[in-house]
S.K.: 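Have a look at the structure that comes next, please.
It should be emphasised that the depicted structure is a prediction, and the values quoted were computed from it without experimental measurement. Each ligand, and each atom within it, is numbered from 1 in the order the structure gives.
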Amino acid sequence: MAFDKWHRDSPCDSPDLSRCSPFYDRIILSAKEFNAVCQEHIARPIAVLNVLLLEVRTDLPESFGVCAGLTPSQTSISAWLLAQYAHQDRFPSVGTRDGLRIALFAACWTLSGAGIQMFLLLRPPQWVRKHSITAVAGQTVWAILTWAVWVAATRTIQRASPVLSAKMNCAGADYCTQLHAAFASLCVIGDIDPSDRSSHSGLVNVENNALRTKTASESVSMSNGILFLLKWSNSFQNAFFVDVGVCSLSSFSWRLVGCSGLRGSTSIPPSTRTGGDQGTVPLEYPWTARSSNSQVCLLIMSRFLELSNVNSVLTERMNLANDPSVYASDGARLLEFIALRERVAAASGRFAYGKLEYPFTLPIVSPDKITPSSPFPPGRFHQDMFSGNPNITKFYVTTLVPFFNSSTSYFYHLDNSTWNLDAVFNLDATLLALLSHRAHIGKVVAETKYASNVTGFTQLIKARDADGIRTLVTNTTQEAGVLAQAATAVSAFTEAWVSSGALVPDTFGSTLQQAAAVLFRELIDITTEIEIQYVSNLGLFEAAF
Ligand SMILES: O=C(O)C(=O)C[C@]1(C(=O)O)C=C[C@@H](O)C=C1
């Protein structure tokens, strides 16, 4: 669990804050400082962009790790296919053979290149530290070259292979499944649409069932691959940047849940590092400098990013009308739908409570246990028993669902029917999970608030003064900010739908606005309730100890 990892890694196990290392001190920010740090960055999109750009740089070791991790399967599958075809002395086509060869080369090249680069980033020699710009330029050139080789391999196979021409049966080629697998992973790595047929000219036919000695057609298929590369250079550039973005974004979110183990010291000179055990974290970047509280900070930032996720699903859901009777008996049918999914998720160990994921239908999460060796000093998050999900479900079924009616629906089947219950329940479940995650981040917020005012909160906890706790956790400025951002985000979604030509009904925009306003108001209230419960439960923890 992410937070467990974070806490275990914390060098400070002492409740005596004055004896804590700088690492621990930085977890416990004053509420003012905390909000300043977070809001400063959250409020300015440009700062968020900076964070992402920074992540591109600091996450390079992870990205290279991912690249190195992905390629072995391609290496083995291409090598195996080539060996089999060579053994039989029969290739499906010349292009397929060439494509597989290039793919094998690309995979080996990527594997070794990514490995070396990862090593250089994690253990940078002196010249890399000194000339970091050279290193970055080298990495960029390597990445472009690598991508080019992958595109060449994919296109060469795509042009000549029967895999595409005759989809499932591979036009009689041997090892059809393996060919499909090799091609599919090439498309993923090369970022190419497998159904794109524009590459098929009449030039290269499906040359079935015969291995040829090197003929003119071989060179044609090779040069076709390269020509294709040139022709596609535009989309290549776009895709490259999208890839970098996606790669860094995914490791960014990975980081968010605690997988920061691979971060290297890269080329940051020692003088710019923070002290003590956090010496590998560059000071000049405010986000990553706060390595421990950055997790808290990023979690809280993710609450803002989730605002877009919530609005996006809400917009989509708004376009599906539903039969009101579907939600009878407090949404029993929906809960039944979710229960099935949750049982499968639980059975396969997919729930991750450390990521603030709480079930809607399964028994409640068991709380963390306080022991002398694990005393949970202020600032250390621990799991309590409270789940806000029943409140979220009730609100969803009774207040939000009535917004999703035929006056906002855009969806229809060819037979003019507007119902699609499976799509409806799937979106419901997704939306509920997003709302739940967003609201339960309140637990982390509550812990930081408590840590910044232990005395004030302790008195209220002892007096079981829930109203007093409510006053302390409430921040109306913050609430106004959330509501304003939700309204802005939702109008952007409406605008996108309307300007894209969707034939949404006139009421679509205004209903969506109303639904979002009601939803976010309720979400703040539920989050506040979760915070109050969390803080109140700290008293139980104390009593147990
Ligand atoms: O950001 C905070 O301080 C929170 O406690 C979160 C939150 C919210 O849900 O957005 C909840 C209660 C506060 O009144 C303000 C905002």
Side-chain angles (χ1 to χ4, degrees), residues 27-44 47-48 256 287 290 293-311 314 356-358 378-379 381 384 386-392 394-396 399-400 431-454 456-457 460-461 465-490 515-538:
I27 299 179
I28 303 179
L29 295 168
S30 71
K32 211 168 146 208
E33 187 189 347
F34 184 81
N35 279 331
V37 170
C38 291
Q39 278 176 9
E40 184 194 341
H41 293 278
I42 292 158
R44 286 185 290 141
V48 173
L256 206 66
W287 274 90
R290 292 168 177 82
N293 72 46
S294 75
Q295 293 208 342
V296 174
C297 220
L298 289 175
L299 264 174
I300 290 173
M301 179 181 146
S302 83
R303 197 187 51 193
F304 281 79
L305 295 180
E306 270 186 18
L307 198 134
S308 297
N309 294 342
V310 168
N311 277 329
L314 177 69
L356 298 174
E357 205 179 348
Y358 295 86
F381 172 79
D384 66 349
F386 187 75
S387 164
N389 287 351
N391 288 345
I392 294 175
K394 186 161 176 249
F395 161 77
Y396 191 83
T399 313
L400 206 59
L431 194 43
L432 282 171
L434 284 174
L435 297 177
S436 169
H437 185 259
R438 192 274 183 205
H440 287 94
I441 290 175
K443 295 192 181 193
V444 183
V445 179
E447 182 67 55
T448 61
K449 286 184 177 173
Y450 166 69
S452 68
N453 182 4
V454 178
F457 274 108
L460 298 169
I461 294 168
D465 183 354
D467 288 341
I469 295 176
R470 181 183 297 278
T471 312
L472 274 197
V473 297
T474 300
N475 177 346
T476 46
T477 319
Q478 186 81 302
E479 291 181 9
V482 172
L483 294 173
Q485 287 194 20
T488 313
V490 98
V518 173
L519 170 61
F520 278 91
R521 181 62 261 168
E522 183 70 21
L523 204 45
I524 291 173
D525 292 344
I526 293 177
T527 309
T528 307
E529 189 56 34
I530 289 172
E531 290 183 28
I532 296 169
Q533 292 295 332
Y534 181 89
V535 175
S536 307
N537 285 335
L538 293 174

S.K.: So, the side chain of S452 versus the backbone of K449: is there a donor-acceptor pair under 3.5 Å, distance only?
M.R.: yes
S.K.: Only heavy atoms of V482, strictly under 4.0 Å: list the atoms of ligand 1 that pass.
M.R.: 10 (O)
S.K.: Tell me which part of V445 gets within contact of ligand 1: side chain, backbone, both or neither, using heavy atoms under 4.0 Å.
M.R.: side chain
S.K.: Looking only at N/O atoms, are K449 and ligand 1 under 3.5 Å apart anywhere?
M.R.: yes
S.K.: Has the side chain of H440 got a donor or acceptor atom that lies under 3.5 Å from a matching backbone atom of G388?
M.R.: yes
S.K.: Do E529 and R470 come within less than 4.5 Å of each other through their side chains, counting heavy atoms only?
M.R.: yes
S.K.: Looking at T527, which atoms of ligand 1 are within less than 4.0 Å of one of its heavy atoms?
M.R.: 9 (O)
S.K.: Report the part of R438 (side chain from C-beta onward, or backbone N, CA, C, O) that has a heavy atom under 4.0 Å from ligand 1; answer both or neither where that applies.
M.R.: side chain
S.K.: Holding to ring pair (Phe, Tyr, Trp, His ring centres under 6.0 Å), I want the full list of residues that pass it with Y534, two or more places apart in sequence or in another chain.
M.R.: F381, H382
S.K.: Looking only at atom types and distance, does a side-chain atom of S436 sit under 3.5 Å from a main-chain N or O of L432, one as donor and one as acceptor?
M.R.: no
S.K.: Hey, is ligand 1 close enough to E479 that some N/O pair sits below 3.5 Å?
M.R.: yes
S.K.: Let me confirm one number: the CD1-CG distance from I524 to L483, rounded to the nearest 0.5 Å.
M.R.: 4.0 Å
S.K.: Treating N537 as the side-chain partner and F386 as the backbone partner, does any N or O pair qualify as donor plus acceptor under 3.5 Å?
M.R.: no
S.K.: Quick check: does N475 get an N/O under 3.5 Å from an N/O on ligand 1?
M.R.: yes
S.K.: Atoms of ligand 1 less than 4.0 Å from T474 heavy atoms?
M.R.: 14 (O)
S.K.: Just jot down the ligand 1 atoms closer than 4.0 angstrom to any heavy atom of E531, in number order.
M.R.: 4 (C), 5 (O), 6 (C), 11 (C)
S.K.: May I ask you to list the atoms of ligand 1 that are less than 4.0 angstrom from any heavy atom of T528?
M.R.: 11 (C), 12 (C)
